[in-house]
Amino acid sequence: FEILVFYFSANSRSFFYLFSFWIFVTFVNEFISKMTIHLCKSLIFHSLKNPAHLIHKPYGHGAFSLSVLFFSSLKEKTSRILNPKIIALLRKHDFSSEAATTVAYKLAQLKIPQKYGYIQKWDSVLSFLKDSGFSRAHLETLVKKDPQVISLNLDKSIKPKIKILQDLGFLTPDIADIISVDPWILGRSANNAIAPSVMVLRNLLGSTSEVAKVLRNAGFGVYLKCDLEKTMVPNIQILESCGISKPRIIRNIYIFPRFLTQRPQRMKKFVEKLEKLGCDAKSKMLLHALRSVASMSPLTWKLKWDAFRDL
């Protein structure tokens, strides 16, 4: 690859095409690998539920199909690490067979301590969430994303987060949507992280319903996992000093969650970089340019800049 880069260094456009092709090939290989893993997992879980379809009639004198040998061995190994008590608990709370198997397998891989009375404690967590308005779909999504949720301390880790969201004015369906989309919120402090972030968002967006509209989207839970007083508020001030109106900035809260949550020092550097490139700080395109720069690594930025400069 280094030889090719040296060879094409005299022609940036050729290098750009070569690099684009290399990215495409890498993407295809990664896609094929992920699909293969997904297919294997699907076959494993399906075989656990109904292995009969994998059994073929022997060929010749007692010869066995390779698929029978493979999946029988795999089923035996997987069954040994699946805790039937956990599967029974999840099925009690209306988890599908596949979801229960998936969660039990993940819990076994995580090696979560299973102390005396753990089934009763996990049952209490799931029952509390159901009583708090979580549907079966919410619970399956939540626990499949983060199986450790059911092992959290109900009184210290879960109830305070539900209560603070209720006290802040969130409706029951909104709370279930927000937590199931991003269960790692439960690991944040209710009073020192969640409440202050919600207050900042509510002051900017105007109402709790607007905050809920944002947080229900996948990936937007980042707003509850960082100190918005030290990130979003200073970044908005930097953008306003460049002449960008506050309504335009606030629109980015709905569509680019990580843009306003980066360190203010980085935002200042991006503004300085664009000014050195000749971008007018008062230009209406500055906000779009800042988002573009913030979304790329220095190497990607350099490659794209060189490619457009040589057009």
Side-chain angles (χ1 to χ4, degrees), residues 129 132-134 137-138 141-146 148-149 152 156-242 244-271 286-288 290-296:
L129 291 173
S132 299
F134 284 69
H138 284 131
T141 302
L142 171 67
V143 181
K144 284 172 72 175
K145 281 188 176 181
D146 186 12
Q148 298 182 84
V149 165
L152 293 177
K156 294 181 179 179
S157 299
I158 298 178
K159 285 185 177 180
K161 317 303 164 54
I162 301 290
K163 186 176 186 307
I164 197 69
L165 291 173
Q166 290 171 338
D167 292 344
L168 289 168
F170 288 93
L171 301 175
T172 297
D174 291 335
I175 295 173
D177 287 341
I178 291 168
I179 294 179
S180 63
V181 164
D182 198 339
W184 298 275
I185 292 171
L186 294 173
R188 302 289 292 166
S189 168
N191 295 314
N192 299 326
I194 295 177
S197 294
V198 170
M199 293 301 293
V200 170
L201 289 170
R202 189 159 62 185
N203 290 335
L204 291 169
L205 302 179
S207 67
T208 302
S209 61
E210 286 299 306
V211 177
K213 186 187 297 184
V214 170
L215 296 178
R216 280 199 302 263
N217 297 315
F220 285 72
V222 67
Y223 290 142
L224 300 184
K225 291 185 284 188
C226 62
D227 190 339
L228 298 186
E229 287 285 358
K230 295 181 179 179
T231 54
M232 181 177 287
V233 173
N235 283 331
I236 289 175
Q237 293 171 349
I238 293 170
L239 296 176
E240 285 185 305
S241 69
C242 295
I244 302 173
S245 67
K246 199 164 188 176
R248 286 189 65 206
I249 299 171
I250 289 176
R251 279 200 295 271
N252 284 267
I253 295 176
Y254 290 89
I255 49 180
F256 298 106
R258 298 190 180 276
F259 176 58
L260 294 172
T261 55
Q262 57 195 318
R263 288 175 295 145
Q265 295 84 351
R266 292 192 70 204
M267 187 70 77
K268 289 179 180 178
K269 288 182 179 179
F270 295 148
V271 173
L286 178 64
L287 185 58
H288 300 289
L290 282 170
R291 284 205 310 264
S292 298
V293 174
S295 66
M296 288 183 275

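Side-chain atoms are counted along with the backbone in the values below, which use heavy atoms only and exclude waters and symmetry mates. Note that the coordinates shown come from a computational prediction; the quantities given were computed from them, not determined experimentally.
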List in chain and number order the residues that pass side chain to side chain donor-acceptor pair (under 3.5 Å) with [X], two or more places apart in sequence or in another chain; answer none if no residue qualifies.
X: Arg202; answer: Thr208
X: Arg188; answer: none
X: Lys268; answer: none
X: Lys225; answer: Asp182

Please round to the nearest 0.5 Å and tell me the distance separating atom [atom1] of [X] and atom [atom2] of [Y].
X: Asp174; Y: Lys213; atom1: CG; atom2: NZ; value: 11.0 Å
X: Lys161; Y: Asn191; atom1: NZ; atom2: CG; value: 10.0 Å
X: Leu142; Y: Ser180; atom1: CG; atom2: OG; value: 6.5 Å
X: Ser132; Y: Lys163; atom1: OG; atom2: NZ; value: 12.5 Å
X: Leu287; Y: Cys242; atom1: CG; atom2: SG; value: 10.0 Å
X: Leu290; Y: Leu286; atom1: CG; atom2: CG; value: 4.5 Å

Checklist entry - Should we count CZ of Arg263 as having more than 12 external heavy atoms under 6.0 Å? => result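 It does not: Arg263 CZ has 12 such atoms or fewer within range.
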
Item to check | Name of the residue among Asn217, Leu215, Val211 meeting side chain to side chain contact (heavy atoms under 4.5 Å, CB included) with Ile178 | outcome: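 Exactly one option meets the side chain to side chain contact (heavy atoms under 4.5 Å, CB included) with Ile178, and it is Leu215.
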
Measure across [X] and [Y] and return the closest heavy-atom pair with its distance rounded to 0.1 Å.
X: Lys156; Y: Pro160; result: O-CG, 3.4 Å
X: Ser189; Y: Asn192; result: OG-N, 3.1 Å
X: Val214; Y: Phe220; result: O-CB, 3.2 Å

Checklist entry - With a 4.5 Å limit on heavy-atom distance, are the side chains of Val181 and Arg216 in contact? => result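 They are not in contact (no side-chain heavy atoms under 4.5 Å apart), so the answer is no.
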
Checklist entry - Do Ile179 and His138 have side-chain heavy atoms sitting under 4.5 Å apart? => result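 A side-chain contact under 4.5 Å is absent here.
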
Side-chain donor-acceptor contacts of residues 234-241 below 3.5 Å, not counting sequence neighbours, with atom names and distances?
{"from": "Asn235", "atom 1": "ND2", "to": "Thr231", "atom 2": "O", "distance (Å)": "3.0"}
{"from": "Asn235", "atom 1": "ND2", "to": "Leu260", "atom 2": "O", "distance (Å)": "3.0"}
{"from": "Asn235", "atom 1": "ND2", "to": "Gln262", "atom 2": "O", "distance (Å)": "2.8"}
{"from": "Ser241", "atom 1": "OG", "to": "Ile238", "atom 2": "O", "distance (Å)": "2.5"}

So, [X] side chain and [Y] main chain: donor-acceptor pair closer than 3.5 Å or not?
X: Ser197; Y: Ile194; result: no
X: Asn252; Y: Arg248; result: yes
X: Tyr223; Y: Ile253; result: yes

Checklist entry - What do the steps show when you test Phe134 against Ile162 for side chain to side chain contact (heavy atoms under 4.5 Å, CB included), and what is the final call? => result CA-CA 11 Å; Phe134 284 69; Ile162 301 290; 4.1 Å; yes

Next on the checklist: Could you walk me through whether Met232 and Leu204 satisfy the side chain to side chain contact (heavy atoms under 4.5 Å, CB included) test, starting with their C-alpha distance in whole Å, then the side-chain angles of each, then the deciding distance to 0.1 Å, before giving a yes or no?
Outcome noted: CA-CA 10 Å; Met232 181 177 287; Leu204 291 169; 3.5 Å; yes

Next on the checklist: For Cys226 and Leu228: C-alpha separation, side-chain torsions, deciding distance, then whether side chain to side chain contact (heavy atoms under 4.5 Å, CB included) applies.
Outcome noted: CA-CA 6 Å; Cys226 62; Leu228 298 186; 3.6 Å; yes

Checklist entry - Taking only residues two or more places apart in sequence or in another chain, which ones pass salt bridge (Lys or Arg N to Asp or Glu O under 4.0 Å) with Lys145? => result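 Listed in chain order: nothing, the list is empty.
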
